[in-house]
Amino acid sequence: MSQSRKILVGVAWPYANGEQHIGHIAGAYLPPDIFSRYQRMIGNEVLMVSGSDTHGTPVTVRAESEGSSPAAVVERFHTGFVESYLKLGLTFDLFTHTDTQNHWDVTQKMFSQHRDKGYIYNDTQQQLYDPQAQRFLPDRYVEGTCPFCASPEARGDQCDNCSRTYEATELKQPRSRITGNTSLEVRETEHFFLDLGKLQPLLKEWLQKEKSHWRPNVLNFSRTQVEQETLHGRPITRDLEWGISIPLEGYEDKRIYVWYDAVIGYFSAAIEWATLNDTPDKWREWWDPSVNPDARAYYFIGKDNIPFHAMMWPAMLLGYEGLNLPYDVPANEYLNMYGRKFSKSRGHIISIQGALERYQADAWRYALTAIAPEASDVDFTWDDFVERVNNELLANWGNLVNRVLGFANSRFKGSIPEPGPLDAKDQALLDEVKAGFQSVGDLYNAVKPKMALNEVRRLSQQANQYFHEKEPWKTIKTDPQLAATTIYVAVQAIDWLKLLWAPILPHTSQQLHELLGYDGQLFGRQYTETVEDARGSHVVLRYDHSQAAGVWEPSTFQANQALRKPAPLFVKLDDDVAEQETERQNA
RNA sequence: CGCGGGGUGGAGCAGCCCGGUAGCUCGCGAGGCUCAUAACCUCGAGGUCCUAGGUUCAAAUCCUAGCCCCGCAACCA
């Protein structure tokens, strides 16, 4: 076993202005959990962090339309995320949010540091101003007539009709969404900008280093941008009241722009985690190269986030100095549904909460991994979901477990005798499954969960073939010792497959672990906690791995170990699930 | 306009970097088994590898042009 490595797993920060759907899960939330569980099983120390992104105009727009406060909107969706992740088994060492004192402090410190080092400059921008409301209007607060297609329902930055983008100041007949005022002014406003042009050489140098393990969509995009384009400064402040304030006098009416503070969350969350554990400097083992140069940082995101994680955030880290840069950014493409993007406003959505109420967490984990959009957009359909669960997961793996344990239970009273000498077929199966710890492990490690799934399924099928060929239901009548050996070998194979499946199917692997007569937990414990700080209190989701017993190596199944009474691991889905769900959708 | 990803039997994907008789899962057809949640095992049918050129003895794989889908395109990360 290799020596322990520190691995930071950053997960895209969900925006606290709406529910998440299964596309988010398949793209950016499940893959890091599978990766992290595997890494922990091989003995690496994982720090998996994320949190709700609480700032930005969509939150304030929503709050205003509901007549509530941004904090209330955040609270509602943040709590929802925590509940869903708990159910789905996403093992965040810390899932927090960005409206904490700690995050404010860290963000302001980074802002000051960037400014001291000359990576931040001031400039002015033209922006629409609503004299009635006495405030500048972010694009989200403006509607008007599209300058290209003359559609009267154009949004501030983009037209839904012709999908062209433009500056809000180009809109014809702009009107304020706050007051309805149509006599808006264009005013100059001063903002701070991150000087990406100045950081470009550093960024370029970093991107040119060995990155063959990066996915082509991420690597080609960011390299091309940095090598062929001139990066311009990007504003990092806005005229808002909701957000992190600027640590300078004279800018009380402005806030840090949400994109800048959100990515800093990966760093601030590690610090919060260390503080909560009463080991305030422990974060350095993942973040500070002078403390630990071998640490690796992975960022799991959707493709829309590539520029921010493969360019902006690295640039910010380079400017800050003394922090680890990303080792890999395994961005996924999109999961669509029946050929269209998920859309809350059009009711074209499967929310995680609903999904988990009606179907097993591991069923989702399996199905969403099997169709993970690793290379291109992928389409979700309910028929496909049912087929995956019933005909692959349940028929191949669930049934293998059920037939073997059922046989052991009925013919050997739940206790498997000592095996006799192994023949070539016995040995071949054990060798093959044992080799899975290498082949499957390599795939998990390379962030290819879909291929890992296929490989484990193949091994599970081998076990089915083995069982079929050995015909223990016949040999039990003629040569009970031979049947006992077959069952022993099959159970040993299942015991290993349980571990190979565990990163994808943690809940049912745990069930199987217990059915096989083991005690203890393969993985650690998830729990929530309420944290108080100067900005109020917030709920966090946490994970304690200290009692986990699951190890990535072939276990030795003891003969005569008392099996527990077998029960099916998976619920078979009705054929009419697709119809039911479609009706639910239309209801 | 530009940049990146994708376009492979009915469905979903792998192969493409490092050219050499097209592979996997599901579905479909036939047979077998009966331990198992009618699950499991075996065999089979089914493909202009987006289009048009080019390079080569040979191209899904390399080159050129075009078409289609998705994301980014400085402010909804």
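Quantities reported herein were computed from a predicted structural model and do not represent experimental measurements. Every chain is numbered from 1, with letters handed out A, B, ... down the list of sequences.
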Participant: Closest nucleotide of RNA chain B for A:S410 versus for A:L400: which of these residues is on the 5' side?
Facilitator: A:S410

Participant: Applying a 4.0 Å non-hydrogen cut-off, can you work out what A:N402 is touching in the nucleic acid: base, sugar-phosphate, or nothing?
Facilitator: base

Participant: Scan every strand shown for a Watson-Crick or G-U wobble partner of B:C35, both distances under 3.5 Å, and answer none if you come up empty.
Facilitator: none

Participant: Base of B:A77, side chain of A:N305 - is there a donor-acceptor contact under 3.5 Å?
Facilitator: yes

Participant: Less than 4.0 angstrom between a side-chain N/O of A:N220 and OP1 or OP2 of B:G5, yes or no?
Facilitator: yes

Participant: By centroid distance (under 5.5 Å) and plane angle (under 30°), are A:F407 and B:C35 in a stacked arrangement?
Facilitator: no

Participant: State the pairing partner of B:U55; accept Watson-Crick or G-U wobble contacts with both distances under 3.5 Å, and report none otherwise.
Facilitator: none

Participant: Looking at A:N454, I'd like to know whether one of its side-chain N or O atoms comes within less than 4.0 Å of OP1 or OP2 on B:C13.
Facilitator: no

Participant: Which one is paired to B:G2, where only Watson-Crick or G-U wobble pairs with both distances under 3.5 angstrom count?
Facilitator: B:C72

Participant: With heavy atoms under 4.0 Å as the rule, sort A:L393 into base, sugar-phosphate or nothing.
Facilitator: nothing

Participant: Is A:K450 near enough to B:U25 that one of its side-chain N or O atoms lies under 4.0 angstrom from OP1 or OP2?
Facilitator: no

Participant: Ignoring backbone atoms, test whether A:Q461 places a side-chain nitrogen or oxygen under 4.0 Å from the OP1 or OP2 oxygen of B:C24.
Facilitator: no

Participant: Does NZ in A:K254 sit with more than 12 non-hydrogen atoms of other residues, nucleotides or ligands closer than 6.0 Å?
Facilitator: yes

Participant: Which is true for A:D383 with a 4.0 Å heavy-atom rule: it touches a base, it touches only sugar-phosphate, or it touches nothing?
Facilitator: nothing

Participant: In plain terms, say whether A:K303 and A:D377 are close enough for a salt bridge, that is, a side-chain N and a carboxylate O under 4.0 Å apart.
Facilitator: yes

Participant: Tell me the partner of B:A14, counting only Watson-Crick (N1-N3 plus N6-O4 or O6-N4) or G-U wobble (N1-O2 and O6-N3) with both under 3.5 Å; none if nothing fits.
Facilitator: none

Participant: Regarding A:R411 and the six-membered ring of A:F407, is the cationic atom NZ or CZ under 6.0 Å from the ring centre and inside 45° of its axis?
Facilitator: yes

Participant: Using the rule given for ring pair (Phe, Tyr, Trp, His ring centres under 6.0 Å), can you reason through A:Y15 versus A:F77, listing the C-alpha separation, both sets of side-chain angles and the distance that settles it, and then say yes or no?
Facilitator: CA-CA 9 Å; A:Y15 213 48; A:F77 290 111; over 10 Å; no

Participant: Which one is paired to B:C43, where only Watson-Crick or G-U wobble pairs with both distances under 3.5 angstrom count?
Facilitator: B:G29

Participant: Would A:K211 and A:W206 count as a cation-pi pair here, with the cationic atom under 6.0 angstrom from the ring centre and within 45° of the axis?
Facilitator: yes

Participant: Under 3.5 Å, is there any donor-acceptor pair linking the side chain of A:N399 to the base of B:A36?
Facilitator: yes

Participant: Base, sugar-phosphate, or nothing: which does A:G56 touch, judged by heavy atoms less than 4.0 Å apart?
Facilitator: nothing

Participant: Using both distances under 3.5 Å as the test, list the Watson-Crick or G-U wobble partner of B:G9, or none.
Facilitator: none

Participant: Under 4.0 Å between a side-chain N/O of A:K572 and OP1 or OP2 of B:A39, yes or no?
Facilitator: yes

Participant: Does A:V404 reach a base, just sugar-phosphate, or nothing at all? Heavy atoms under 4.0 Å.
Facilitator: nothing

Participant: Assuming nearest nucleotide by heavy-atom distance, tell me which of A:I306 and A:Q462 is located more 5' along RNA chain B.
Facilitator: A:Q462

